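What follows is one structure encoded as structure tokens, with my remarks underneath.
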Amino acid sequence: MQETPRITLNKLSKKYTGSPVYALKNVSLNIQPGEVYGFLGPNGAGKSTAIRILLNFLQPTEGGATVCNLDVVDDSIEVKRNIGYLSGDLSLYLKMTGEQYLKYMGELQPATSKAYIDELIKRFKAEPKKKLGQLSRGNRQKFGIIQAFMHQPKVLILDEPTSGLDPLMQDEFYKLIQEAKNKGSSVFISSHIMSEVQRICDRVGIIRDGKLISELSIAEMEGKASHTFDITFKDKVPKKELSFLKGCKILSISQNDVSLVMQGRLSSLFAILANNEVIKINLGSADLDNEFLQFYKNKDK
Ligand code: ADP
């Protein structure tokens, strides 16, 4: 049986007062429990508008949206209790210390566990006694992340969550996403960092000029993307066999070493490797940057 989606957008449209064009036009999508959904698109595409509608900061012009089967306008208070939201802009709270900010946010949200908040503070090496205004952008961002996750919500809505974080803290954040996913939470995330999207998302929706132009699973994209391999054979490179490989482009070749790019299915390459003794292989991960960039660039796609 299909589970009830955690987030739905139903033919959602938004036209700002006085604006001649739609910021969002007829956008429909569903996000399942335990799914991490990346919302991607160039600046001005409509991502923040959709997020603001989910939080009832803005109201739809046409269509609607639900979170946990509740209408985002009619049931907005109950909706907010189910959401952990990171806006990426903590400028309202700069005079508060991190501790005061978490206490304040905790009062607006359902019960939180002090032990879990302490764990998050420790994991992110956050500095709760300092005023947010005295912290660097990355150190401030940690408090935004902690408040979004601290009540272990069913739905997380995260607007460019890792901006400013150093690589170790980014890693900690990715672990947190995985833990939330394992507990069945759904995550709606906007990001421009392709490697991040590839690492944490199950599916992406690409939005441009207010329209959802494509939805893809990351596994599907990885299946289509190109992979780079550096291979050292014990004997001579099996040049002839490789030349028959569909989707294979040889970048460089010497007596025993070859560097090649494979597009699509890899099983035919592995069949050749199984027949020829291999000493060393460096397997590059799928490079999705190009796949994503096509959606950013190509107006007609
Ligand atoms: P994104 O988050 O993808 O960068 P936005 O949702 O902020 O895009 O913007 C979508 C479109 O709506 C843009 O054309 C933007 O100029 C317009 N827009 C955003 N906010 C307002 C507003 N308050 N009033 C009028 N137009 C707006």
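Note that ligands are numbered from 1 as they come in the structure, with each ligand's atoms numbered from 1 the same way. Below, all heavy atoms of this structure are taken into account, side chains as well, without hydrogens, waters or symmetry copies. Source: prediction; values computed, not measured. One is the number of the first residue; the rest follow in order along the sequence.
In terms of protein heavy-atom proximity, atom 18 (N) of ligand 1 is closest to Y16 CE1, 3.3 Å. For atom 6 (O) of ligand 1, the closest non-hydrogen atom on the protein side is T49 OG1, 2.5 Å. Here the protein heavy atom with the shortest distance to atom 12 (O) of ligand 1 is A23 CB, 3.2 Å. What sits closest to atom 8 (O) of ligand 1 on the protein, heavy atoms only, is G46 N, 3.1 Å.
We find that K122 and D118 are not joined by a salt bridge, their nearest charged nitrogen and carboxylate oxygen being 4.0 Å or further apart.
Two residues are said to be in side-chain contact when any heavy atoms from C-beta on lie closer than 4.5 Å; I218 and V197 meet this criterion. Between F143 and L102 there is a side-chain heavy-atom pair separated by less than 4.5 Å. Contact annotation: the side chain of K14 never approaches that of P60 to less than 4.5 Å [non-hydrogen atoms, C-beta and beyond].
Here atom 1 (P) of ligand 1 lies nearest to G44 when heavy atoms of A50, G44, S190 are compared.
Using a 4.0 Å threshold on non-hydrogen atoms, atom 25 (C) of ligand 1 counts as touching the protein. Distance screen at 4.0 Å: atom 3 (O) of ligand 1 has a protein heavy-atom neighbour inside the cut-off.
Applying the 6.0 Å contact sphere to CG of L108 captures more than 12 heavy atoms from other residues, nucleotides or ligands. Counting heavy-atom neighbours within 6.0 Å of K15 NZ, excluding the residue itself, gives a total above 12.
Between I31 atom CD1 and S186 atom OG the span is 7.0 Å, to the nearest 0.5 Å. For the atom pair CG of L269 and CZ of F229, the computed distance is 5.5 Å after rounding to the nearest 0.5 Å.
Using a 4.0 Å cut-off to heavy atoms of N43, the atoms of ligand 1 that qualify are 4 (O). Atoms of ligand 1 found under 4.0 Å from any heavy atom of P42 (numbered from 1 in listed order, with element): 3 (O). Numbered from 1 in the order shown, with element, the atoms of ligand 1 that lie under 4.0 Å from a heavy atom of K47 read 1 (P), 2 (O), 3 (O), 4 (O), 6 (O), 8 (O).
At a heavy-atom distance under 4.0 Å, atoms from both the backbone and the side chain of S48 approach ligand 1.
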